[in-house]
Every structure is written in structure tokens, then in C-alpha cells.
S.K.: 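I am attaching a structure below and will ask some questions about it afterwards.
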Amino acid sequence: MPDSPQESRLWSIRDGSDVIERAHKHVHSFDVSMRPHKYAAYIADVEARLKARISDAVAYYFGHLADGNIHFMIGHDGSSSDATRVIEECVYDPLAYYEPSSISAEHGIGREKAAHLWRSRSTAEIAAMNRIRVALDPAGILNPHISYEPKSLDAQHASAR
């Protein structure tokens with residue numbers, strides 16, 4: 001429970017993301033990280049990409065920026081049939097230019113981000129993650145539906161950095 005009116009206001013802002021969800025037919029959430037001094041350029045890059053590809057997309061940025069974490073909520077009306085893929089590309093593709101960066105600052109990889117792990121981890125890092133998974137779960141019963149696969153674009157991804 002907040003101790004002061006100032007804390008209450010701060011938490012109401014943080015917990016107020018439902019306003020964004022009510023304002024748009026579709027909302028996608030992201031949690032990326034990079035060095036804080038690169039935020040302005042990255043956000044401008046994401047906004048330009050969104051504007052060029054999904055004209056009705058609106059991006060909201062918030063989070064604990066001082067520790068390298070940007071939370072995004074991107075709302076749109078659903079008029080683009082491939083909006084999810086396009087929005088993911090607009091958010092994740094530019095990360096290659098902001099090393100070090102990550103597709104997940106604090107919320108983990110999971111189902112939604114497994115297919116994008118290659119964007120912020122090398123082939124060697126993904127192989128190490130898979131070896132650790134096998135060592136900790138040799139029967140493969142924990143999250144068997146999630147697979148960490150390097151992409152053939154890994155070399156292209158590395159050269160973009």
C-alpha cells in the first residue's frame with residue numbers, strides 16, 4: 001500500500017495502462033532494453049517505421065528508463081491484416097542498431113518472444129541457452145512448446161550492428 005499521496009499518484013500512472021487498452025481495438029505490449037542515452041534515436045526510429053507501415057498505430061512509451069528499460073504499448077484499429085508481424089518488426093528490427101539491446105528487458109522470453117530471440121542473442125548464446133535447458137530439464141517437460149532457434153539472418157543481424 002502506498003505511503004503517501006505522491007506514491008499513490010505514481011502507482012496510478014503505472015497501473016493506468018488500461019486506459020490505452022480501452023482506447024484501441026488492438027494493443028501490443030513490448031519490453032525492450034538498451035543504453036538510456038540511445039532512447040531518443042530508437043523511439044524516433046520505431047515511430048517512423050510505424051508511421052510508414054501502419055498509419056493508425058499509436059505508440060505509448062513508459063517504464064523505468066533509468067535502468068535501460070522501455071515499455072511500449074502500441075495500439076491500432078486492426079485494419080491491417082498483418083499488423084502484429086509489422087508492429088513486431090517495427091519494434092524489434094531497429095534494436096540491431098542499439099547494441100547492447102534486448103527484446104526482453106525484464107519479462108522473459110516465453111511464447112511471444114521465442115521467435116524473436118535471435119534479434120538480441122547470437123547463435124552461440126542461443127546454443128548455450130538450449131544446452132542449459134537440456135541440462136536442467138533433460139526430459140523436456142518444462143515449456144516444451146517453446147523453442148529457441150537461431151535464424152539464418154543471424155549473420156545479417158550481426159552485420160547491422
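Just so you know, these numbers use all the heavy atoms, side chains as well, and skip hydrogens, waters and symmetry mates.
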S.K.: Kindly assign one of parallel, tilted or perpendicular to the pair F72 and Y42, based on the angle between their ring planes and the thresholds 30° and 60°.
M.R.: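 Aromatic pair F72/Y42 classed perpendicular.
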
S.K.: Return the OG1 to CD distance between T84 and E89, rounded to the nearest 0.5 Å.
M.R.: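 If I round to the nearest 0.5 Å, the distance is 11.0 Å.
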
S.K.: E99 and R35: which non-hydrogen atoms are nearest, and at how many Å?
M.R.: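 Taking every non-hydrogen atom into account, O-NH1, 4.3 Å.
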
S.K.: Spell out, as yes or no, whether a donor-acceptor pair under 3.5 Å connects the side chain of D56 to the backbone of S79.
M.R.: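 Looks like no, no N/O pair under 3.5 Å.
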
S.K.: Step by step, would you call E47 with K51 a salt bridge (Lys or Arg N to Asp or Glu O under 4.0 Å)?
M.R.: CA-CA 6 Å; E47 287 179 337; K51 183 177 182 182; over 6 Å; no

S.K.: Hey, does D31 have a side-chain heavy atom less than 4.5 Å from the side chain of I103?
M.R.: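 No, side chains not in contact.
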
S.K.: Could you walk me through whether Q6 and S4 pass side chain to side chain donor-acceptor pair (under 3.5 Å), step by step?
M.R.: CA-CA 5 Å; Q6 185 177 10; S4 71; 5.1 Å; no

S.K.: Taking side-chain contact (heavy atoms from CB on, under 4.5 Å) as the definition, give me every residue that meets it alongside V58, ordered by chain and number, with sequence neighbours left out.
M.R.: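 For V58 the side-chain contact (heavy atoms from CB on, under 4.5 Å) partners, ignoring immediate neighbours, are H24, Y60.
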
S.K.: Of the non-hydrogen atoms in H76 and A57, which two are nearest, and what is the gap between them?
M.R.: CB-CA, 4.1 Å

S.K.: Would a distance-only check, ignoring hydrogens and angles, find a side-chain to backbone donor-acceptor pair under 3.5 Å from D137 to R133?
M.R.: no

S.K.: Angle class for the F30/Y92 ring planes (parallel below 30°, perpendicular above 60°, tilted otherwise)?
M.R.: perpendicular

S.K.: Taking atom NE2 of H71 and atom OG of S29, what is their separation to the nearest 0.5 Å?
M.R.: 9.5 Å

S.K.: Can you confirm whether M34 sits close enough to P100 that some side-chain heavy atom of one is under 4.5 Å from a side-chain heavy atom of the other?
M.R.: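 They are not in contact (no side-chain heavy atoms under 4.5 Å apart), so the answer is no.
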
S.K.: Over all heavy atoms of both residues, which pair between S101 and L95 is shortest? Give the atoms and the distance, please.
M.R.: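 The pair with the smallest heavy-atom distance is OG-O, 3.0 Å.
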
S.K.: Hey, could you give me the CG/OH distance between L117 and Y148, rounded to the nearest 0.5 Å?
M.R.: 7.0 Å

S.K.: Counting only N and O atoms by type, is there a donor-acceptor contact under 3.5 Å from the side chain of K25 to the main-chain atoms of G75?
M.R.: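 Such a contact is absent between K25 side chain and G75 backbone.
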
S.K.: Check the pair C90 / R53 against side chain to side chain contact (heavy atoms under 4.5 Å, CB included), numbers first and verdict last.
M.R.: CA-CA 9 Å; C90 290; R53 299 187 66 194; 4.2 Å; yes

S.K.: I'd like to know whether Y98 forms a side chain to side chain contact (heavy atoms under 4.5 Å, CB included) with D45, so could you lay out the CA-CA distance, the side-chain angles of the two residues, the decisive distance to 0.1 Å, and finally the verdict.
M.R.: CA-CA 11 Å; Y98 299 94; D45 194 351; 3.9 Å; yes

